[in-house]
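Just below is one structure, and these are the notes that go with it.
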Amino acid sequence: MKKLLAFIMMYSLLASAADSVNSPALPLPTSGNVTLPLVEYNRLVDLASKSVKAYELPPVPYTLKRADLKLHITNDTVLGSMQLDGEVFSRNSTKVPLAAGVTILNASQEGKPLPLFEDGSSSTAVLPGASDFSVTLETGMPLQIEAGRASFSLPVPSAGSVKLALAIPGDHTAVHISPGLITSRSSSANQTTVEATLVPGQTTTISWATREIVAPVVPREVRFLSDVKTLVSINEADLRIAALCDVTVVQGEPAQFALNVPQDYEITDVSGSTVDGSEIEAGVLTVHLSARARTHQFLITMEKPLNGADKIGVPFVQFKNTQRETGEVLVEGAGAMELSAKESGSLKRMDVKEVSSYLRALARSALQAAFRYHRQPNEAPALALNWTRFPDGPVLAAVAEKAVVTTLVTTEGRSLTEVTLTVKNQAQPFMKVGLPADATILSADVAGEKVKPVQGTDGNRIPLLRANFRPSGAYTVSFVFMHSGTPFAKKGGSEIALPSMDLPISVMEWEVFLPEQYKVKNFGGDAIAMNLLQLPALARFSSGIYMKEEPGLTSVPPPPPPVAGVAGIAGSMSGYVQDPSGAVIPGAEVKVTQLDRRQVYTARTDSSGTWTILGVPPGRVKIEISAQGFSTSVLNGRMQDSEHGTNWGAIQLHIGTVSQTVEVTADSISSLPMIGGGVAGGVGRKEKKQQDLQQNVASANVFNLQKKVSGVLPVRIDVPRAGASYRFARALVLDEETKLTFNYKTR
């Protein structure tokens, strides 16, 4: 209501003022009452009800409308002014970048000094809001003067339009502006004036021709040091030389290097990061450089046919005008050969191991000799080689004496396999592994140290040798890989494959651990079941004794020779104890019980794993063998009356606790036929069942691989903790896959 009364009073005052101007003065109405038409009253009410329009922010806080540049050239400087006109749209004070890349000598606005500050690379001013501005900048820029040419770079402001007026000394000077358009050109009083329109926001290059001649700079004398590492390769048909040249420039900027080319040698290649090209003229090789640098490195290769010669003098690559030249020489010979070298001059013999690693990396054959030299003015290095070549014969670079493979198969059908090789290696640096499809190597070890496999187009490669590792004897190489496989169903068939390896493998032993919920049968493939490689029956025959061995062994070595002083003694018993890997177990406790007479005899194995007991009467015997960390094995048999001692051979213990017992018994000993005064026998149903169970007991390799999954390997896989092991073997494997097939069904 107050707003309405205010509008009414204002309207009354305006109306009265208008009447006083256009008509004679009339008596004023009495105060307190104003009469308005209804239409005018409604209009005032509408105006009072409308809200005040909110202030909208501009899309940009400021703009540069135009820029006028007036420059003139002095001796070696560009001076002038920039007139920048624009507008600030924001109500508040705003930072406005004015120029970048130029030197500001002074800044003013409407004749008053304008303070500037650096904001990044731009000179910036704070200007008041919602107003036009006009800023004048006095600037200066450096002038670049070359022989017959002068130029400078002008950063153009980002204005709506930019005009340039440039005054250059000289009549009718040819001026070039890029980018930009020259709109006017005039010449008077030994001065050329150019007007042009420039592209806003871009750097413009302005150049013109001058009559000034810059005095040529006298080049400094080039001084450099050279170091040449030379590899001499003696092949059957030619002699090849590879010279790795390192040059250090200590003074000047050389554009090329000159070297003497040995007579009768052909230059095959000159390469390097700073080499622009090369040419040979009058026995001198000139290497042109593409860059001016303090250090240069390039490789020069040359060769010469031998034509059946067995001796030669080695040439040395020599730089002309070098201040000091040092070098190394390494001699290699392809094939089997006996080489003798005679050095003279400044050439001194050195150990091959002391040669630079870069030079050794160039060698591909057997290293014969190495030398170093520091060339003297009166003592040049010289090397004479004489050799006798022997015919080549086939030699295996590396061979695997044995391969032990352990595979864990999960319920999802995935498999985790560890391959351990006992390798004898002469010179093979890598082993190529051809993995099955969808298989990946997880880790690899060589002689107990982690190595990184190399992925190639034709398969993975595992390094067999490394720096400072050249073993003379056998060492272990192992790797673990995972195969995705096919998920198991309720029943069906499956296949497992081992990778191909380019090492000849004498014997491969393969243990496959399957989950307990699957019953498998009908094994097939390239490998043979381990039990088919052992004796037909789990028994050994010796003079006057029947012995049952612990079943399920991967390999049974032949029994040791009879113990000295025991062979031929009636009632004597001997043998030796070993673990599943075939290693002997010293300190194992052996207990022999004569069941008919209830007599007990005890002994312990010595450092060779051998045990001996004397004076055992004939009859039924029970042998119990135990050791720390292994389960107890119990063997039952009958010892007949015999005049000779008996060697029980190898008895193996499985990994476990002492409380676990593996017992083998025979129910029908009396029905067994006699062989050599002793008893031979078969195996009953009970023994056959126990034998099958023992054959499927997992070895320590399975437990070790299970531990790796939980703490070492970078993979998450649910390996089976309970299941059965199946053992297979294959001999003479060379660069081919080994496959195993079987049928299964859920128990």
Side-chain angles (χ1 to χ4, degrees), residues 233 235-236 330 332-338 352-353 355 357 360-368 389-407 417-436 439-481 497-511 526-527 554-555 581-582 701 728-739:
S233 302
N235 301 294
E236 293 184 357
L330 181 63
E332 66 170 350
M337 64 185 309
E338 181 180 354
V352 174
K353 296 180 181 179
V355 176
S357 58
R360 288 203 308 269
L362 296 175
R364 293 294 181 269
S365 303
L367 304 181
Q368 302 289 341
R389 188 176 298 278
F390 303 99
D392 295 334
V395 177
L396 285 176
V399 64
E401 297 177 340
K402 184 179 181 181
V404 178
V405 185
T406 307
T407 299
T417 303
E418 181 178 21
V419 180
T420 302
L421 305 166
T422 303
V423 177
K424 281 190 174 181
N425 190 6
Q426 299 296 329
Q428 185 166 336
F430 291 92
M431 176 180 66
K432 186 173 71 174
V433 179
L435 293 174
T440 306
I441 293 181
L442 302 180
S443 67
D445 296 338
V446 175
E449 291 194 13
K450 296 287 184 182
V451 296
K452 184 178 181 180
V454 179
Q455 178 68 38
T457 57
D458 56 346
N460 294 268
R461 284 176 170 79
I462 296 177
L464 299 180
L465 300 174
R466 59 180 180 270
N468 301 323
F469 177 69
R470 295 294 188 273
S472 57
Y475 61 96
T476 302
V477 177
S478 65
F479 62 93
V480 180
F481 72 92
L498 296 181
S500 61
M501 292 166 279
D502 63 350
L503 287 183
I505 301 175
S506 299
V507 178
M508 176 184 290
E509 298 181 4
W510 189 5
E511 180 178 359
D526 302 325
T554 59
S555 61
S581 65
N701 296 333
F728 305 89
R730 187 182 182 190
L732 300 178
V733 184
L734 176 59
D735 206 8
E736 55 184 332
E737 287 188 348
T738 301
K739 295 183 179 180

Do Leu465 and Pro471 have side-chain heavy atoms sitting under 4.5 Å apart? yes

Side-chain contact test, heavy atoms from C-beta onward, threshold under 4.5 Å: evaluate it for Val423 versus Met431 and give yes or no. no

Taking all heavy atoms of [X] and all of [Y], pick out the closest pair and write down the distance.
X: Ala444; Y: Pro453; value: CB-CG, 4.1 Å
X: Glu737; Y: Arg730; value: O-NH1, 3.3 Å
X: Leu435; Y: Asn460; value: CD1-ND2, 3.4 Å
X: Phe469; Y: Val446; value: CE2-CG1, 4.0 Å
X: Lys739; Y: Ala497; value: CG-CB, 4.1 Å
X: Leu503; Y: Leu734; value: C-CD1, 3.9 Å

To the nearest 0.5 Å, tell me how far [X] [atom1] sits from [Y] [atom2].
X: Phe728; Y: Thr407; atom1: CZ; atom2: OG1; value: 10.0 Å
X: Ile441; Y: Phe479; atom1: CD1; atom2: CZ; value: 6.0 Å
X: Arg360; Y: Leu362; atom1: CZ; atom2: CG; value: 11.5 Å
X: Thr440; Y: Gln455; atom1: OG1; atom2: CD; value: 8.5 Å
X: Lys424; Y: Leu464; atom1: NZ; atom2: CG; value: 15.5 Å

When you measure from the side chain of [X] to the backbone N and O of [Y], does any donor-acceptor pair fall under 3.5 Å?
X: Arg364; Y: Glu332; result: no
X: Arg389; Y: Gly335; result: no
X: Tyr475; Y: Gly448; result: no

Start with the C-alpha gap between Met501 and Leu421, add the side-chain angles, then the distance that decides, and say whether side chain to side chain contact (heavy atoms under 4.5 Å, CB included) holds. CA-CA 11 Å; Met501 292 166 279; Leu421 305 166; 4.0 Å; yes

Residues Val405, Glu418; criterion side chain to side chain contact (heavy atoms under 4.5 Å, CB included); working and verdict: CA-CA 6 Å; Val405 185; Glu418 181 178 21; over 6 Å; no

A quick test of your reading: do over 12 heavy atoms of other residues, nucleotides or ligands sit less than 6.0 Å from CD of Glu338? no

Do Val352 and Leu330 pass the side chain to side chain contact (heavy atoms under 4.5 Å, CB included) test, and can you show the C-alpha distance, the side-chain angles, and the key distance before you say yes or no? CA-CA 8 Å; Val352 174; Leu330 181 63; 4.2 Å; yes

